[in-house]
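Remarks on the structure that follows.
Both backbone and side-chain heavy atoms feed into the values below; hydrogens, waters and symmetry mates do not. Fair warning: this is a prediction, and the values are worked out from it, not measured in the lab. Here is how names work: the chains are called A, B, and so on, in the same order as the sequence lines, proteins then strands, and each is numbered from 1.
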Amino acid sequence: MTALLALSLLVSIALGAVAVRTLAPRAVALRWPLVLSLGAGLGAGLSALLFFAWMIAFGPGRGFVVAEAILAGAVMLASLRWKRGEPGAADDRHDLRPPTVLVVGLLLVLGAAGAAFASGLMWHPHGEWDAWMNWNLKARMFFRGGTEWRAAFSAALPWSHPDYPVLVPTLVARSWFYAGHETQLGPALVAATFTFGTVALLATALARLRGTGQGLLGGLVLLGTPFFIAHGTTLYADVPLGYFFLATFVGLALDARYGAGTTRFALLAGTMAGLSMVTKNEGLLFAIAVAGGLVLFSRRSLRGFALGMLPLLLLTLGYKAVFAPENDLISTLGADRTLGNLTSPDRYYMTLREYAVHIASFGSNGIGSLPWVLVAYLLGVGISRAELDRPWVRAGAVALALVMAGHFGVFVTMAHELARLLASSLDRLLLQLWPAALFLFLMVARMPNGKPEPPSHARQ
Amino acid sequence: MTAPGWATARARIALALVLLYAAASAAHLLYEVRRRPGHAAQDEISANDRRFERLRAELPADGEVGYLGDPEVAGAVPRDSVAAALLHFRRYLLAQYALAPVVVVESTAPDLLVGNFDSVPRPEPPGFRLVRDFGGGLLLYRRAVP
């Protein structure tokens, strides 16, 4: 059973890694750790889409397992043949020797985070409230439902948010079909893939783009964010969503660095943003915000981004039209109530105050919180002007600001019980953005060795 | 101290600060590990799944079943009422999670009705007859043929 679950992970990573290798321009050799980190999420997204399409066509069943494994094998073989004989590609990593203290620190925090993650899952193997009343309930409907799997979207269960996208429950159900039965190791594996995949992606992308030391530092800070590890074990979809937000930024950064004459990395960024749309509704806002940032600062990347995002946007709209009842926030909106909310200064004040409090205390570990640590860090190491001036950095910063503004607008205009909703969801919304924000931060922060910046490879 | 020397010192202090944060986080995470019992068998959701196992086997493979459960939503004071409503809702959600893919609705409209009570015996709901008592306050009713 464990071997079959491991196979489910291997198959999706293989699909994703091959897709990343195929997408990467020939002249850019991405090393395997980065390819696998990107492939883990992209593969999970592809597997979820394939399984959902399979359910529509044939209904849920183990036939999918055989079909997907054959597909992964065939794609890998084809990729090996295709890649053979290609010109050797340059790797221009500025690989300064990382400080030993960072390596040791990362390993120690990784050990603590791994132990906390495993213990959290043993403590509540079904995850927390939203996981079992929403995501894993849908997974059970898919796995147990047979021809009636569409009951997962029953309007008789409005509290289960039947309009929510289904990447996470689809992956959980897929893991059970691989295992042959329901096991709590399935959702645990999905959660671990995204939690530690996010750390790996952050570290390997920063290592590639800014040096190994910066990569280790990124991994250290993210693993050391207690809420990130704890929330990973709740089996909610916020950490997977954060992975896709981060992967979008990584795609844009790779495009800025190596995308001369090609739209492939921008297309990868668009695909990752598209996968965020099939993970949670917030992904739609994020994708629009990134597109807005690119319109303002990096139009060169916009075409590739849109090409990658568009198919998934159409799929999302199609899903909403066919499967999803109306969103509960929207369905209860009325013009009078919305206008009343919009003109209520108290709601703005309360939302602003909670934003300030939650941001200031984000990542608290009992001794300090992250914003203060990172501000002090930036004062110590300084900012890399070359990185700060890159258009994608500005586009990314604008996208993050737009997403936060969008959430602010939703809180002010739509929320019924504003205080309760702010208390229960604001930290999670910040967590979704955290890996991408940390990536952006460490892309523009200078390296902690006090030495001059390596030569810039900027082409924009 | 020269300018480059000061820059290096500042950078080292900055790095030390991040490492300090990470060390505190590692300690926090390990404290959480120690604090938890760490036994899956103790978790409420798995126990609930086991409680509903036999009832689930009696239900059809799909469709809707009704649901009646404790606690009563109206409490003595408003705060009791909110707490009771929350517990009632949680028990209903857990019943749905355990009984999926059957859709469980808080209604007596379907022909099959799940009773999830703190104590039994209970009077049969009007128009229903008891099919089986699974123990522990878990009952299955069927609409009585008129």
Considering only distance and modelled atom types, tabulate donor-acceptor pairs under 3.5 Å from the side chains of residues 222-232 of chain A, sequence neighbours left out.
unit_1, atom_1, unit_2, atom_2, d
Thr225(A), OG1, Val221(A), O, 2.8
Thr225(A), OG1, Leu222(A), O, 3.4
Thr225(A), OG1, Trp434(A), NE1, 3.2
His231(A), NE2, Asp238(A), OD2, 2.9

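The shortest distance between side-chain heavy atoms of Arg10(B) and Leu379(A) does not fall below 4.5 Å. Residues Leu220(A) and Leu19(B) are in side-chain contact: their nearest non-hydrogen atoms beyond the backbone lie under 4.5 Å apart. Counting only heavy atoms from C-beta outward, the side chains of Leu15(B) and Leu102(A) approach each other to under 4.5 Å. Between Leu94(B) and Trp132(A), some side-chain heavy-atom pair lies under the 4.5 Å cut-off. Using a 4.5 Å heavy-atom threshold, the side chains of Leu17(B) and Tyr377(A) count as separate.
Between His126(A) and Ser46(B), the closest heavy-atom pair is NE2-OG, 3.0 Å. Nearest heavy atom pair, residue Ala14(B) against residue Val381(A), reads CB-CG1, 4.0 Å. Heavy atoms only, all atoms of each residue included: Val103(B) and Ala151(A) are closest at CG2-CB, 4.0 Å. Nearest heavy-atom pair, Arg144(A) versus Tyr97(B), reported as atom, atom and distance to 0.1 Å: NH1-O, 4.0 Å.
Ring planes of Phe89(B) and Trp129(A): tilted class, angle from 30 to 60°. Using cut-offs of 30° and 60° for the angle between ring planes, the Tyr92(B) and Trp159(A) rings count as perpendicular.
Atom-to-atom distance recorded for Asn365(A):CG and Tyr31(B):OH is 14.0 Å, nearest 0.5 angstrom. Residue His28(B) holds its NE2 atom at 7.5 Å from OG of Ser364(A), rounded to the nearest 0.5 Å.
Heavy-atom pairs under 4.5 Å with chain B peak, among Ala112(A), Ser369(A), Gly380(A), at Gly380(A). For the set Arg34(B), Arg90(B), Glu64(B), the count of heavy-atom pairs under 4.5 angstrom toward chain A peaks at Arg90(B). Listed options Arg12(B), Gln96(B), Glu32(B) were ranked by heavy-atom pairs under 4.5 angstrom with chain A; first place goes to Gln96(B). The candidate from Glu148(A), Gln184(A), Arg140(A) with the greatest count of non-hydrogen atom pairs under 4.5 Å with chain B is Arg140(A). Your options are Val102(B), Val18(B), Leu93(B), and the one with the most heavy-atom pairs under 4.5 Å with chain A is Leu93(B). Put simply, of Leu106(A), Thr147(A), Ile367(A), Leu157(A), the one with the most heavy-atom pairs under 4.5 Å next to chain B is Leu157(A).
Close approach to chain A, defined as a heavy atom under 4.5 Å from one of its heavy atoms, is seen in no residue of residues 122-138 of chain B.
In this structure, Arg36(B) contributes its side chain and Ala116(A) its backbone to a donor-acceptor pair below 3.5 Å. Checking side-chain atoms of Asp43(B) against main-chain N and O of Pro125(A) turns up no donor-acceptor pair under 3.5 Å.
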